[in-house]
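Here is the structure we will look at.
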Amino acid sequence: MKEKDRKMKEILGQDVQVSDLVNQRLCDTYKILERKQETSGKRKCKGKNLRVAAAVAAVVCLAVPSAVYASVKAGFFEGMFGNTTKKSWDVIHTEVDNGKGSKTAIDIPSKEFVPVDEEKADEQIGQWVMDEPVVKQIGEHTLTIESFVYDSTGAVMYYTLERKGGVTALRGDEDTNVAKGAMFTDDVDFRFDVRCGGKDEKEEDLIFAGDNTYVDLEKSTQERLYCTSYLLWSENLKEGDIPKLVITRYPDTLKELDKLRPDLTGMSKEEVADEALYKEYNEAMAKTETEVIDLSEKGQVPDKSIDLGADGHLVYSPIAIRVDMSKGMGLSGDETMDPYFMKHLEIRYKDGSSYIVSDSENLIENSGYVLGADVWYKTVFNRLVDTDEIAEIIVNDKSFPVK
């Protein structure tokens with residue numbers, strides 16, 4: 001037996017301790033691959049003591065080209081941009097309480113999730129995707145940022161939140177998925193969000209990110225939620241701006257802190273302005289602690305722009321787009337910052353196909369999140385866009401040809 005063969009046999013015969021995190025990542029990736037490939041038999045992930053041979057079999061022996069899944073990132077591309085476990089929906093006609101003792105009929109636009117080609121995704125944006133997960137213990141909850149990618153307009157973040165006995169910090173269900181996204185509950189003493197800024201920039205000066213969080217109800221369990229957050233920056237990023245995870249720890253639950261807020265009902269302006277009124281609440285909030293962690297130094301996904309001068313201007317990348325609504329749209333004043341005035345946004349490809357991002361008349365909203373910021377209409381896509389194949393971008397009735 002050759003020396004290298006003997007050594008390989010020894011390696012494959014060893015027991016290897018695999019961390020819970022690595023094991024879970026392998027399991028998650030493998031489950032995605034199982035759905036996509038016909039294999040000869042059922043396989044399942046076991047506990048910590050995986051043999052190297054089993055690990056190799058789980059990652060490599062899947063009857064698919066190894067180059068396609070050369071990285072565990074494949075599973076994250078699926079989680080961020082795919083439709084293996086995300087469910088599309090048609091227009092939803094429903095009623096909501098209007099606070100006046102009656103209900104108002106509303107229409108929730110349709111949304112479609114589409115497949116993602118992991119190999120192509122890796123080619124397009126792989127070098128800008130975060131390499132290693134960020135894991136933070138926050139009280140009884142464990143937050144794991146599995147993957148993150150961003151450009152000057154927005155970002156997509158894939159993460160899990162877990163707690164033994166059940167996650168209590170975040171409420172996410174079918175209703176939140178079709179509405180405004182998962183929300184923090186009042187039963188916990190922390191929150192987290194993503195902001196952006198320079199290397200040593202002060203917390204109060206960081207750029208805020210609005211977000212919509214989709215909870216994968218198929219993968220999630222009571223004790224672990226799988227979440228995709230679609231984020232948009234309140235200001236356009238500059239070169240060198242770094243995304244940061246901001247964790248805020250409060251001295252008590254938000255529910256208890258809210259009880260300390262003064263009741264301003266019926267008070268005059270002078271009474272409301274009395275600082276002593278807020279003394280107990282302010283003293284409690286002064287004990288709040290904030291931790292700021294750099295998420296990724298991989299840099300921004302490069303974007304492209306189409307500048308038609310006074311007739312229009314937009315900036316786009318594979319993950320997001322922003323449109324200057326003050327140019328060529330016939331809008332003025334507050335109208336330029338109101339997303340309502342985006343009636344139709346469509347990306348048309350060279351092969352004749354198209355991606356309708358938004359169409360208010362036909363009740364279509366295939367975006368992850370929408371934000372009006374200054375004169376910019378911003379949206380982060382709910383799929384990966386091949387920018388090299390775009391022929392033109394349609395905004396309302398205006399064409400932006402890609403040359």
Side-chain angles (χ1 to χ4, degrees), residues 80-83 85-96 98 103-116 153-154 156 174-181 210-214 228 230 232 306 308 311-331 334-373 375-387 389-402:
M80 290 191 289
F81 304 110
N83 69 341
T85 56
K86 290 179 180 174
K87 294 182 179 179
S88 305
W89 62 81
D90 294 325
V91 176
I92 300 173
H93 304 286
T94 186
E95 295 181 330
V96 295
N98 58 19
K103 293 187 175 182
T104 300
I106 64 167
D107 296 321
I108 298 175
S110 66
K111 189 181 294 289
E112 181 186 24
F113 295 101
V114 300
V116 62
T153 300
V156 183
E174 196 167 336
D175 289 338
T176 65
N177 279 348
V178 301
K180 295 183 178 180
D211 74 283
N212 179 10
T213 297
Y214 180 98
T228 303
Y230 303 97
L232 289 167
I306 302 176
L308 305 179
D311 289 332
H313 181 212
L314 59 79
V315 179
Y316 65 97
S317 81
I319 66 170
I321 188 171
R322 65 177 185 265
V323 181
D324 186 342
M325 300 297 284
S326 70
K327 296 181 178 180
M329 299 296 150
L331 305 176
D334 292 342
E335 292 177 342
T336 61
M337 65 181 70
D338 189 344
Y340 169 81
F341 291 96
M342 174 63 77
K343 301 299 184 181
H344 184 87
L345 177 59
E346 180 180 355
I347 296 174
R348 294 180 179 173
Y349 295 104
K350 295 174 183 177
D351 64 3
S353 63
S354 69
Y355 165 27
I356 299 177
V357 184
S358 180
D359 188 318
S360 59
E361 181 178 352
N362 294 299
L363 292 172
I364 298 172
E365 191 59 62
N366 291 323
S367 66
Y369 185 54
V370 170
L371 179 69
V375 298
W376 297 98
Y377 170 94
K378 300 183 177 186
T379 189
V380 58
F381 304 134
N382 72 344
R383 64 198 66 180
L384 201 58
V385 169
D386 189 344
T387 56
E389 294 302 316
I390 297 176
E392 64 175 334
I393 298 174
I394 307 297
V395 180
N396 292 344
D397 296 323
K398 180 174 289 295
S399 171
F400 289 80
V402 177

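Values below: every heavy atom of this structure, side chains too, minus hydrogens, waters and symmetry copies.
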Query raised in the report: Y377: what forms a ring-ring contact (aromatic ring centres under 6.0 Å, His included) with it, not counting sequence neighbours?
Result: none
Query raised in the report: With sequence neighbours excluded, what pairs up with F341 under the ring-ring contact (aromatic ring centres under 6.0 Å, His included) test?
Result: none
For [X], all residues meeting side-chain hydrogen bond (donor to acceptor under 3.5 Å, both in side chains), sequence neighbours excluded:
| X | value |
| --- | --- |
| T104 | N98 |
| S317 | D151 |
| Y230 | K86 |

Quick one: list whatever passes side-chain contact (heavy atoms from CB on, under 4.5 Å) with [X], sequence neighbours left out.
| X | value |
| --- | --- |
| V375 | D324, S326, T336 |
| D397 | none |
| V402 | I306, Y316, I390 |
| I108 | W89, I92, T94, I106, V178 |

Report summary line: For residues 339-348, the salt bridge (Lys or Arg N to Asp or Glu O under 4.0 Å) pairs (sequence neighbours left out) are E346-R348, R348-E392
Requested in this report: Please name all residues satisfying salt bridge (Lys or Arg N to Asp or Glu O under 4.0 Å) with D338, sequence neighbours left out, ordered by chain then number.
Outcome: none
Report summary line: salt bridge (Lys or Arg N to Asp or Glu O under 4.0 Å) filter on E112, not counting sequence neighbours, yields none
